[in-house]
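Have a look at the structure below before the remarks.
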Amino acid sequence: MSSDLVIDVRNLNKRFGTKHVVRDLSLQVSAGEIYGFLGPNGSGKTTSIRMLCGLLTPDSGSGTCLGHDVIRQTAEIKREVGYMTQRFSLWEDLTVRENLDFVGRMYGMRNRRDAVGAAIDRLGLGSREHDLAGSLSGGWKQRLSLAACMLHEPRLLLLDEPTAGVDPKARREFWQEIHELAATGVTVLVSTHYMDEAERCHRLAYIAYGRLLARGTAAEIVAERALGAWTVSGDELAGLAPKLVPLAGVDHVTVFGSQLHVTGRDREQLARSMEQAARQYGDYRFAPAAPGLEDVFISMMDNARDDRQ
Amino acid sequence: MTLGQLSWSRWYGIVVKEFIQLRRDRLTFGMIVGIPVLQLLLFGFAINTDPKQLPTAILAADTGVFSRTLVAGLRNSGYFDIQRQAHSEAEALSLLHSGEVQFLVQIPEGFSRRLVRGERPALLVQADATDPAATGNALAALSGIVDTALSHDLRGPWAGLQPRPPPVELRVHRLYNPEGLTQYNIVPGLLGVILTMTMVLMTGLAMTRERERGTFENLLSTPALPLEVMTGKIVPYIIIGLVQVTLILIAARWIFTVPMQGSLLALYVVVVLFIAANLTLGITFSSLARNQLQAMQLTFFFFLPSILLSGFMFPFRGMPDWAQALGSLLPLTHFLVLVRGILLKGSGLVELWPAVWPILLFMAVVIAVGLRFYRRTLD
Ligand SMILES: Nc1ncnc2c1ncn2[C@@H]1O[C@H](COP(=O)(O)OP(=O)(O)O)[C@@H](O)[C@H]1O
Ligand SMILES: [Mg+2]
């Protein structure tokens with residue numbers, strides 16, 4: 001059902017000089033989906049999103065966005081996509097309303113006044129509409145950006161780390177808004193760092209060092225990786241961690257509050273090492289656990305780095 | 001190339017945005033008022049130099065030996081570069097009027113014969129004195145040149161003619177600026193300098209500012225077309241430029257009492273042309289520059305030769321050939337000819353066409369470069 005695909009790109013590549021920033025990216029996103037785009041800093045998320053909306057030209061590869069060719073039909077794509085940049089990119093020396101008015105004019109909206117008024121009401125910007133955008137706090141700027149990129153009622157929203165640097169309450173409200181939008185049939189591609197946000201997406205893609213490492217629902221990704229995971233609890237965990245790292249089968253030891261997370265790709269070897277460690281360090285409780293999304297991503301990132309070297 | 005229809009609504013949106021931003025930008029506003037005032041004060045007094053090899057035309061109605069001696073003497077002085085032999089008075093005057101020559105030397109009929117008879121024939125020298133610094137020294141040296149040149153020939157049988165009073169009656173006419181006031185020259189020149197500086201700089205910053213603040217990415221993600229953005233951004237500056245011009249003209253008229261011979265309409269036509277040339281250069285600079293600093297540097301790279309080589313700071317014809325060649329690439333050089341021509345000489349646009357087309361050519365080249373380097377993506 002390729003007609004259902006809002007984004008359908010294959011083997012996109014992008015280099016900056018000698019730096020291969022995006023490698024053979026293939027991505028399929030269906031209509032009405034909230035699609036999470038995850039990966040560490042510098043992994044190529046922003047570059048990928050910019051290629052999708054015509055701001056960067058891929059070196060190779062092909063595909064469509066809203067049915068328009070990502071290389072040749074960027075003008076059409078720009079008209080129909082709402083793109084929220086990672087950094088605040090509206091005009092700080094314009095007021096909230098002036099910014100929205102400007103954006104409305106850029107999209108040639110005939111009912112601009114009404115649309116701007118409606119967007120201001122919807123995102124609760126009314127009390128700030130005559131403030132300069134530059135004087136707003138992070139949370140308000142993010143709302144303004146969202147209002148601006150939804151103003152022309154695009155069918156596809158590309159949101160690049162929209163919640164970075166925003167407090168938890170504002171983040172929660174933001175996701176509420178995203179889900180309401182998706183319910184009306186808008187497709188959303190959102191890049192993020194936060195695992196709790198990843199879990200709110202219908203489907204995910206994980207990218208590291210420019211390479212797409214996993215796709216699917218959160219559960220599928222975790223299951224596919226088949227990662228072994230154990231938790232260790234007790235006192236003085238910080239002292240114990242370095243002793244576990246060199247053990248056979250242990251890839252990662254991470255402190256999570258009052259617990260250690262120990263993970264490894266070789267589940268059997270990990271289990272043997274953990275059972276042995278449990279005997280050796282009797283003061284601590286060792287227990288097998290279900291790996292989380294974050295464990296899986298960290299493990300994949302390490303592998304990707306090893307591959308590169 | 002981006003396909004698509006140009007949209008008035010988008011273009012208007014950009015114009016509105018630029019006006020709002022300009023209104024809130026105190027620094028730029030200060031520049032608009034401050035730069036003309038500052039420069040008028042700074043350059044109110046001229047810098048005099050000693051230019052040589054000034055283009056000169058001869059209208060010789062006499063071919064006698066003394067006539068030739070005189071011409072040789074003028075040439076040897078180094079001040080006069082005799083480029084043209086005019087054949088009629090009308091031709092000679094038009095050479096002067098169009099600015100092709102700075103001096104016109106008229107040797108009347110029967111000059112040699114009357115000289116020999118001791119009738120003290122008149123030698124008429126007409127000078128284009130719009131730029132007094134350019135003509136002053138040459139004129140001052142003139143009578144000495146004439147005396148020395150003739151003293152070689154006035155020997156033997158004619159030695160009796162040697163004594164004072166001088167054998168030739170020298171008549172000098174300073175045209176267009178009879179009192180040789182430098183501010184007449186400097187104030188119109190300032191018009192060009194101020195426009196060059198502010199127009200190129202402000203538009204030079206216009207695009208790089210968007211890029212540096214990250215707003216360029218937003219602008220680029222909307223359907224706005226490059227042409228809409230570029231022209232939309234220019235509009236407010238054209239108006240600023242015209243305001244500046246009007247300020248300077250008022251100062252010129254009422255403070256420096258510069259005469260205004262020609263038509264104001266012609267002047268404003270020329271001004272708009274010149275503003276447009278500078279704005280396209282500014283926009284092109286900001287397409288080439290990666291940040292505001294680079295745009296600023298490019299502007300000064302352009303501004304410095306504009307001041308030094310255009311004939312604003314030093315008389316154009318006093319400069320070496322290579323400098324004149326470089327100078328004639330700059331719009332300011334031609335603009336100075338135009339403004340001085342219109343304000344001081346009352347020349348019309350048709351006469352001044354030789355100074356108009358180089359500005360048009362400059363613009364065409366700059367636009368071509370600008371479109372070539374306009375970034376349509378973030379690559
Ligand atoms: N315009 C550019 N020129 C050169 N390098 C770039 C450019 N944009 C991004 N990069 C590099 O490409 C890599 C990926 O960047 P980016 O796509 O921003 O990653 P992410 O959004 O996942 O943090 C980074 O190493 C970054 O330095
Ligand atoms: Mg990014």
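Order of the sequence lines sets the chain letters (A, B, ...), proteins ahead of strands, with each chain counted from 1.
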Please flag which part of B/Ser7 lies under 4.5 Å from any non-hydrogen atom of chain A: side chain, backbone, both or neither.
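No part of B/Ser7 comes within 4.5 Å of chain A.
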
Where does B/Glu210 contact chain A at under 4.5 Å (heavy atoms): side chain, backbone, both or neither?
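When you check distances to chain A, only side chain atoms of B/Glu210 fall under 4.5 Å.
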
Of all the heavy-atom pairs spanning [X] and [Y], show the shortest one and how long it is.
X        : Y        : value
A/Arg79  : B/Pro223 : CG-CG, 3.6 Å
A/Met106 : B/Ala224 : SD-CB, 3.7 Å
A/Tyr83  : B/Ser221 : CD2-CB, 3.8 Å

With a 4.5 angstrom heavy-atom cut-off, is it the side chain or the backbone of A/Thr95 that approaches chain B, or both, or neither?
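Both backbone and side chain.
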
Taking side chain as everything from C-beta outward and backbone as N, CA, C, O, which of these in A/Ile77 sits under 4.5 Å from a heavy atom of chain B? Side chain, backbone, both or neither.
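Neither; nothing under 4.5 Å.
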
Do the non-hydrogen side-chain atoms of [X] and [Y] ever get within less than 4.5 Å of each other?
X        : Y        : answer
A/Phe102 : B/Leu219 : yes
A/Trp91  : B/Arg213 : no
B/Asn218 : A/Phe88  : no
B/Arg24  : A/Leu94  : yes

To the nearest 0.5 angstrom, please state how far the [atom1] atom of [X] sits from the [atom2] atom of [Y].
X        : Y        : atom1 : atom2 : value
A/Asn99  : B/Thr215 : CG    : OG1   : 10.0 Å
B/Phe216 : A/Leu55  : CZ    : CG    : 9.5 Å
B/Glu217 : A/Arg87  : CD    : CZ    : 9.0 Å

Is the count of non-hydrogen atoms from other residues, nucleotides or ligands lying under 6.0 Å from [X] atom [atom1] greater than 12?
X        : atom1 : answer
B/Phe300 : CZ    : yes
A/Glu153 : CD    : no
B/Phe301 : CZ    : no

Given the options A/Ser89, A/Cys53, A/Gly108, which has more heavy-atom pairs under 4.5 Å with chain B than any of the others?
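Max contact count across the listed options: A/Ser89.
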
Applying salt bridge (charged side-chain N to carboxylate O under 4.0 Å, His left out), run through A/Asp93 and B/Arg209 and close with a yes or a no.
CA-CA 12 Å; A/Asp93 46 357; B/Arg209 190 160 41 216; over 6 Å; no

